[in-house]
Amino acid sequence: MQKYKIVLLSGDGIGPEISEISKKILKKISKKHNFEIEIIEKLFGGIAYEKYRNPAPEETIDQCKKSDAVLLACVGDPKYDSLERELRPESGLLKLRSSLNLFANIRPVKIRKSLVDSSTLKKEIVENVDLIVVRELISGIYFGKPRGNITNTKIPKAFNTMVYDSSEIERITEIAIKIANQRNKRICSVDKSNVLEVSQLWRDTVLKVTSKDKNICLSNMYVDNAAMQLIKDPVQFDVILTSNLFGDILSDLAAMLTGSIGMLPSASLNNNGPGVFEPVHGSAPDIAGKNIANPIAMLLSASMMLKIGLNENEAAKSLENAVDRVLSKGFRTADLNDGSSEVLSCSEIGNKILDEI
Ligand code: NAD
């Protein structure tokens, strides 16, 4: 029997609530599909800082490197905002991504048929939304140096550096091409080349790489226009290829097309080695501990893990189908409440999905 070792990082805020149900579901699904899944839980984020004064302890990172895949819930809490930057949970996240060389973040944005009325946008705008954001994840302004604060001036200053080299742009473009070739073969590269040199390099490099594949239809868009187009006419997009910062912002925006950020999964990958599968949302401190969070983004991330990370396609599909069946029966968490459905708690909707497997 095939055996897998995965690391589960429950993290902070709503993380433990949505992880609990994910564990139960992975156990059941592995039994049903005849494989074994060992779930190793490790501390990461604020909770790891509390114990080790380090949001990404070496032991956690090492265990992740040795695993077949990593399932991560979310990290962060306002109470850590005053810590030195490298001690904050979000810095742990950046360290995990760079330690595993996870340069490609894949964020599918697909409206589930039963949720077309849950979006804040009109049904006719969102009903056929099916796009993928391919975001560069370990370079750009989140990692660029120099960075810092200048305090010895009259007025305090702070600065960051948005930097890419062409090899970093080439490898993420290759990933976008691969994904686009499995879809409608259209890539929209999003940048700000009208004002930023780094974006001009991005645009030139994307053009150079994509022109080698005659099947790919490339378009370019400035990020401000892309934000507007995602709201105005999201169906025009197939694959959106963009940098770390722009991808971070645009994918949260795109999340609302699907009804809630609680619906959006993601996969962070490299060319070899384990990937990290995680919901797009953060730790939602405003609802943490209330058992009202939506666990579906985490469950769809687990489904991506089964498919991309473990090659268990049938199991992945069966989890996705279970989610769809529960939604089509009219069950919702509070974030998706359209006034006409039955609102369940996090654990209740989790158990409904479990029952469908
Ligand atoms: P957030 O995504 O945590 O929350 C934004 C809003 O969406 C909140 O109103 C929240 O209640 C709601 N929300 C998020 N996930 C939900 C879910 N599953 N079900 C129902 N509602 C949900 O973003 P934020 O408030 O900007 O950040 C909170 C903390 O999370 C911060 O510390 C931030 O740095 C961190 N963060 C972590 C990650 C990550 O772990 N990958 C990503 C983004 C933000």
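Order of appearance sets the numbers: ligands from 1, and atoms from 1 within every ligand.
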*Asks:* So, are R88 and D81 salt-bridged, with charged N and O less than 4.0 Å apart?
*Replies:*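 Salt bridge between R88 and D81, a charged N being under 4.0 Å from a carboxylate O: no.
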*Asks:* Among G282, C346, P279, whose heavy atom sits nearest atom 43 (C) of ligand 1?
*Replies:*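 Shortest heavy-atom distance from atom 43 (C) of ligand 1: G282.
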*Asks:* Quick check: does I14 get an N/O under 3.5 Å from an N/O on ligand 1?
*Replies:*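 No, since none of the N or O atoms of I14 sits under 3.5 Å from an N or O of ligand 1.
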*Asks:* If only side-chain N and O atoms count, and only distance matters, is there a donor-acceptor pair under 3.5 Å linking Q229 with Q236?
*Replies:*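 Q229 and Q236 do have a side-chain donor-acceptor pair below 3.5 Å.
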*Asks:* Does R135 make a cation-pi contact with F246, if we ask for NZ or CZ under 6.0 Å from the ring centre and within 45° of the axis?
*Replies:*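 That pair does not qualify as a cation-pi contact.
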*Asks:* Please report which non-hydrogen protein atom sits nearest to atom 18 (N) of ligand 1, along with the residue it belongs to and the distance in Å to one decimal place.
*Replies:*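 Ranking protein heavy atoms by distance from atom 18 (N) of ligand 1, first comes N294 O, 3.0 Å.
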*Asks:* So which heavy atom on I261 is nearest to which on A297, and how close?
*Replies:*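 It is O-CB, 4.1 Å.
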*Asks:* Can a protein heavy atom be found under 4.0 Å away from atom 24 (P) of ligand 1?
*Replies:*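 Flag for atom 24 (P) of ligand 1 set to false, no protein heavy atom closer than 4.0 Å.
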*Asks:* For A297, state whether at least one heavy atom is located under 4.0 Å from any atom of ligand 1.
*Replies:*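 In this structure, A297 fails to qualify as a contact of ligand 1 - no heavy atom is under 4.0 Å.
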*Asks:* Do the side-chain N and O atoms of Y80 and E90 include a donor-acceptor pair separated by under 3.5 angstrom?
*Replies:*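 Absent: no donor and acceptor within the cut-off.
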*Asks:* Applying a heavy-atom cut-off of 4.0 Å, say which part of E278 lies close to ligand 1: side chain, backbone, both or neither.
*Replies:*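 Only the side chain of E278 comes within reach of ligand 1.
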*Asks:* With no hydrogens and no angle check, do the side chains of W202 and S189 hold a donor and an acceptor under 3.5 Å apart?
*Replies:*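 Judged by distance alone, the side chains do pair up.
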*Asks:* For atom 27 (O) of ligand 1, state whether the nearest protein heavy atom is under 4.0 Å away.
*Replies:*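 False for atom 27 (O) of ligand 1.
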*Asks:* Can you pull out the closest protein heavy atom to atom 12 (C) of ligand 1? Residue, atom name and distance to 0.1 Å, please.
*Replies:*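 Nearest protein contact, heavy atoms only, for atom 12 (C) of ligand 1 is I261 CG2, 4.3 Å.
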*Asks:* Should the pair R332-E342 be classified as a salt bridge under the 4.0 Å nitrogen-to-oxygen rule?
*Replies:*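 Answer for the salt bridge query: no.
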*Asks:* For A48, does its backbone N or O pair with a side-chain atom of R53 as donor and acceptor, under 3.5 Å?
*Replies:*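 Here the side-chain-to-backbone pair does not exist.
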*Asks:* Which atoms of ligand 1 have any heavy atom of C74 under 4.0 Å away?
*Replies:*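 Selected atoms, number and element: 40 (O).
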*Asks:* Quick one: look at L93 and ligand 1, take heavy-atom pairs under 4.0 Å, and tell me if it's side chain, backbone, both or neither.
*Replies:*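 Only the side chain of L93 comes within reach of ligand 1.
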*Asks:* Does the protein place a non-hydrogen atom closer than 4.0 angstrom to atom 6 (C) of ligand 1?
*Replies:*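 No, there is none.
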*Asks:* Under 4.0 Å from atom 9 (O) of ligand 1, is there at least one protein heavy atom?
*Replies:*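 Within 4.0 Å of atom 9 (O) of ligand 1, protein heavy atoms are found.
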*Asks:* Any idea which atoms of ligand 1 are less than 4.0 Å away from a heavy-atom of D77?
*Replies:*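 In order of number, 32 (O).
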*Asks:* Under 4.0 Å from a heavy atom of G262: which atoms of ligand 1 are those, numbered in the order shown and with their elements?
*Replies:*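 Those qualifying, in numeric order: 17 (C), 18 (N).
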*Asks:* Less than 4.0 angstrom from a charged side-chain N to a carboxylate O is my criterion; do E58 and K95 meet it?
*Replies:*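 Answer for the salt bridge query: yes.
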*Asks:* Return the residue, atom name and 0.1 Å-rounded distance of the protein heavy atom closest to atom 29 (C) of ligand 1.
*Replies:*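 Result for atom 29 (C) of ligand 1: S283 OG, 3.3 Å.
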*Asks:* Determine, counting only non-hydrogen atoms of the protein, whether one lies under 4.0 angstrom from atom 39 (C) of ligand 1.
*Replies:*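 Given the 4.0 Å limit, the answer for atom 39 (C) of ligand 1 is yes, a protein heavy atom qualifies.
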*Asks:* Does any N or O atom in A284 lie less than 3.5 angstrom from one in ligand 1, N or O only?
*Replies:*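 In this structure, A284 places an N or O atom under 3.5 Å from an N or O of ligand 1.
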*Asks:* So, Y142 and D248: side-chain donor and acceptor under 3.5 Å apart, yes or no?
*Replies:*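 Distance-only check passes for Y142 and D248.
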*Asks:* Does any N/O atom on D286 come nearer than 3.5 Å to any N/O atom on ligand 1?
*Replies:*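 Yes - when backbone and side-chain N and O of D286 are compared with those of ligand 1, one distance drops under 3.5 Å.
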*Asks:* Looking at ligand 1, does any of its N/O atoms fall within less than 3.5 Å of an N/O of R97?
*Replies:*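 It does not: no N or O of R97 is found under 3.5 Å from an N or O of ligand 1.
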*Asks:* Taking 4.0 angstrom as the limit, do K307 and E320 come out as a salt bridge?
*Replies:*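 Between E320 and K307 there is no salt bridge, as every charged N stays at least 4.0 Å from the carboxylate O atoms.
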*Asks:* At a 4.0 Å threshold, what atoms of ligand 1 neighbour a non-hydrogen atom of G76?
*Replies:*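 So the atoms of ligand 1 that pass are 32 (O).
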*Asks:* Does only the side chain of P78 get under 4.0 Å from ligand 1, or the backbone, or both, or neither? Count heavy atoms.
*Replies:*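 P78 to ligand 1: no contact under 4.0 Å from either part.
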*Asks:* Report yes if the side chains of C64 and P274 come closer than 4.5 Å at any heavy-atom pair, otherwise no.
*Replies:*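 Answer no - side chains too far apart.
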*Asks:* Quick one: nearest non-hydrogen protein atom to atom 35 (C) of ligand 1, plus distance?
*Replies:*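 In this structure, atom 35 (C) of ligand 1 has V75 O, 3.2 Å as its nearest protein heavy atom.
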*Asks:* Give a yes or no on whether a salt bridge exists between D213 and K185, defined as a side-chain N under 4.0 angstrom from a carboxylate O.
*Replies:*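 A salt bridge is absent here (no side-chain N lies under 4.0 Å from a carboxylate O).
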*Asks:* What residue and heavy atom of the protein are closest to atom 21 (N) of ligand 1, and at what distance?
*Replies:*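 Of the protein heavy atoms, I287 CD1, 3.6 Å lies nearest.
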*Asks:* Looking at side-chain heavy atoms only, is the closest gap between I169 and L201 below 4.5 Å?
*Replies:*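 Heavy-atom side-chain distance check passes, below 4.5 Å.
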*Asks:* Tell me the protein heavy atom at minimum distance from atom 32 (O) of ligand 1, and give that distance in Å.
*Replies:*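 That would be E90 OE2, 2.9 Å.
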